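Bear in mind the structure is a predicted one, so any value in this text is a computation, not a measurement. Below, chains carry the letters A, B, ... as their sequence lines are ordered, and counting in each starts from 1.
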Number of protein chains: 2
Amino acid sequence: MKQPTICPKFEKAITLLSQRWNALVIYQLLPGPQRFSEIQSAIGISGKVLSDRLKELEHQDLIKREVIPETPVVIEYSLTEKGKSLESVLKTIETWSQEWMKPDDEKSH
Amino acid sequence: MKQPTICPKFEKAITLLSQRWNALVIYQLLPGPQRFSEIQSAIGISGKVLSDRLKELEHQDLIKREVIPETPVVIEYSLTEKGKSLESVLKTIETWSQEWMKPDDEKSH
DNA sequence: GTTATCACTTACTTTATGTAACCTAGTTTA
DNA sequence: TAAACTAGGTTACATAAAGTAAGTGATAAC
């Protein structure tokens, strides 16, 4: 029902980046490792969905989860090489947004 | 409930690109104008959601809708300058995907 | 021993997306 | 002339994804 016009790798990348929160989570981790609650409050995602996303992104080898056996135990999320490599994409989006987006002060359309 | 750590323009761009189908619709229009049913069958989106997306993207001045008074009437969607400027973003994603994604032959995780 | 925090999970609600049938206008087919 | 077809949608209904809020288990502070 859908001819394979689009490159599967590209489509997979688009699916990844089009999934809500994924790009923001990666973006948030660019400066360095962060903990669950830091990510959560920084981007305003619900705990439930963040939990899902972190698992999925870990599964896709974009981030890694590290349990640091301090006392109390600390859990840190950080980008893998693959995750870090998305910086180029995010920077391009950032550049584009500076050029073309107006901040929506006008909440009422 | 969310400190304004993230640039609003960037966040708006991310919201745009994170909305399902938006990137693919723009991508599909990069080579030139297309009609409703062409876009629909090319990317496998439902008519309902495509209708929504086209309106929204038009409202955001990324695409334009043109009624061509042939017989029968033809409706063409094409990118505006702002829409075309997203090519840089999409190309970066494409490049990234070629380097880092493996096509998911392994549908069973 | 009550209260608090972190990193979640679970149950439930709301929103987004998908499916399929229908609509309007023009067009061809019989 | 009527039935059927096409393009570009819209509407009603079903399912999937996301949000909300409360709960859990481990540890620690008061």
Interatomic distance, [X] [atom1] vs [N] [atom2] [rounded to whole Å]:
| X | N | atom1 | atom2 | result |
| --- | --- | --- | --- | --- |
| Glu70(A) | dA26(D) | CD | C1' | 16 Å |
| Glu76(A) | dC8(C) | CD | C1' | 17 Å |
| Arg65(A) | dC6(C) | CZ | P | 16 Å |
| Leu50(B) | dA7(D) | CG | C1' | 13 Å |
| Ile68(A) | dC6(C) | CD1 | C1' | 14 Å |
| Glu58(A) | dC8(C) | CD | C1' | 14 Å |
| Glu38(A) | dC6(C) | CD | P | 10 Å |
| Ile45(A) | dT20(D) | CD1 | C1' | 14 Å |

For Gln98(B) and Cys7(A): C-alpha separation, side-chain torsions, deciding distance, then whether side-chain contact (heavy atoms from CB on, under 4.5 Å) applies.
CA-CA 9 Å; Gln98(B) 296 312 308; Cys7(A) 166; 3.4 Å; yes
Sub-3.5 Å pairs of nitrogen or oxygen atoms, protein against nucleotides 14-18 of chain D:
from, atom 1, to, atom 2, distance (Å)
dA18(D), OP1, Arg53(A), NH2, 2.7
dA18(D), OP2, Arg53(A), NH1, 3.4
dA18(D), OP2, Arg53(A), NH2, 2.7
dA18(D), N7, Lys48(A), NZ, 3.1

Closest nucleotide among dA7(D), dG9(D), dC8(C) to the Ile75(A) side chain
dC8(C)
Is any side-chain N or O of [X] closer than 4.0 Å to OP1 or OP2 of [N]?
| X | N | answer |
| --- | --- | --- |
| Lys55(A) | dA7(C) | no |
| Tyr77(B) | dA7(D) | no |
| Ser37(A) | dC6(C) | no |

Are [X] and [Y] close enough that some pair of their side-chain heavy atoms sits under 4.5 Å apart?
| X | Y | result |
| --- | --- | --- |
| Gln19(B) | Glu56(B) | yes |
| Val89(B) | Leu17(B) | yes |
| Leu62(B) | Leu79(B) | no |

Is it true that Lys84(A) and Glu81(A) make a salt bridge, defined as a side-chain N closer than 4.0 Å to a carboxylate O?
yes
Can you check each nucleotide of nucleotides 24-30 of chain C against protein heavy atoms at under 4.0 Å and return B for base, S for sugar-phosphate only, - for none, in 5' to 3' order?
---S---
Does either side chain, that of Ser85(B) or that of Trp96(A), offer a donor lying less than 3.5 Å from an acceptor on the other one?
yes
Heavy-atom closest contact (Ile26(B) atom, Gly83(B) atom, distance):
CG2-O, 4.0 Å
Ignoring hydrogens, what is the shortest heavy-atom contact between Ala13(A) and Met101(B)? Give both atom names and the distance.
N-CE, 3.8 Å
Salt bridge (Lys or Arg N to Asp or Glu O under 4.0 Å) filter on Lys91(B), not counting sequence neighbours, yields Glu94(B)
